[in-house]
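Here the structure is a predicted model, which is why all the values come from computation and not from measurement. Per chain, numbering begins at 1; letters A, B, ... match sequence-line order. Note: hydrogens, waters and symmetry copies are ignored here, and every other heavy atom, side chains too, is used.
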Amino acid sequence: EDQVTQSPEALRLQEGESSSLNCSYTVSGLRGLFWYRQDPGKGPEFLFTLYSAGEEKEKERLKATLTKKESFLHITAPKPEDSATYLCAVRVGSSNTGKLIFGQGTTLQVKP
Amino acid sequence: DGGITQSPKYLFRKEGQNVTLSCEQNLNHDAMYWYRQDPGQGLRLIYYSQIVNDFQKGDIAEGYSVSREKKESFPLTVTSAQKNPTAFYLCASTSERLIAKNIQYFGAGTRLSVL
């Protein structure tokens, strides 16, 4: 069964304390891995798409990397405004429907 | 100002009642999706539609129904058959071009509670 697992469930950092969020997946045929940011009570906001092992994407203090089994979202020198839930999702198989399988998310809190 | 609009923001359902959640987009996107989000769980797909007048069941379609009469609109009805409807409901859309990249854009969500 296709599965996406994110860890840790929750992460508390001090402002400026760098860390990484993990997304591990067991899928039958990866056709893309996606990171979203979700603020409380709002819809997810697209951050990155990664398609092949070794690929990296960066945006401000965030960098996403991909291996054959997992993806990491590295947060460098985070600020309080980076506090949010970060969701990972994968597209699998041969379907052209755009269906995604989501992990349960990591809730990040950055304290000043 | 293009985007996806979900309404209402909060909705309360009584026992045995059907309720309808609205999702409208002005992005000219072809595909639309409905997800359910429960605390501590990832988003789960309820229904999706790739074209007007056509839609498919997702992973948890039981107790829900949809229609796609217009490209811009994809309403979700939570029926009385859905015994545990309390959740945060998210609508998303994407264009045919974006499907290849799997970039889905989301609305702000509707929080449904049972009275």
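A/Leu47 contributes atom CG, which lies 11.5 Å from atom CD1 of B/Ile103 (distance to the nearest 0.5 angstrom). A distance of 12.5 Å separates CD1 of A/Ile101 from CG of B/Leu43, quoted to the nearest 0.5 Å.
Open room surrounds CD on A/Glu9; 12 or fewer heavy atoms of other groups in view lie less than 6.0 Å from it. Counting heavy atoms of neighbouring residues, nucleotides and ligands inside a 6.0 Å radius, atom CD of A/Glu81 exceeds 12 of them.
Ring-centre distance between A/Phe102 and B/Tyr35: below the 6.0 Å cut-off.
At a threshold of 4.5 Å between non-hydrogen side-chain atoms, the residues A/Phe34 and B/Gln104 do not count as touching. Side-chain contact check for A/Phe46 versus B/Phe106: every heavy-atom pair is 4.5 Å or farther apart.
Contact of B/Leu90 with chain A is made through the side chain alone, with heavy-atom distances under 4.5 Å.
Under the 4.5 Å side-chain heavy-atom criterion for ILVMFWY residues, a single connected hydrophobic cluster contains both B/Tyr89 and B/Val19. Two different hydrophobic clusters hold B/Phe74 and B/Tyr33 under the rule that ILVMFWY side chains link at heavy-atom gaps under 4.5 Å. In the hydrophobic clustering of this structure, B/Leu21 groups with B/Met32; members are Ile, Leu, Val, Met, Phe, Trp, Tyr whose side-chain heavy atoms approach within less than 4.5 Å, directly or through other members. Residues A/Leu87 and B/Trp34 fall into different hydrophobic clusters, defined by Ile, Leu, Val, Met, Phe, Trp and Tyr side chains chained together at heavy-atom separations under 4.5 Å.
B/Tyr105 places no side-chain N or O within donor-acceptor distance of the main-chain N or O of A/Pro44, the cut-off being under 3.5 Å.
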Determine, step by step, whether B/Phe88 and A/Gln38 satisfy the side chain to side chain contact (heavy atoms under 4.5 Å, CB included) criterion, reporting the C-alpha distance in whole Å, the side-chain angles of both residues, the deciding distance to 0.1 Å, and the verdict.
CA-CA 13 Å; B/Phe88 190 49; A/Gln38 185 177 24; 3.9 Å; yes

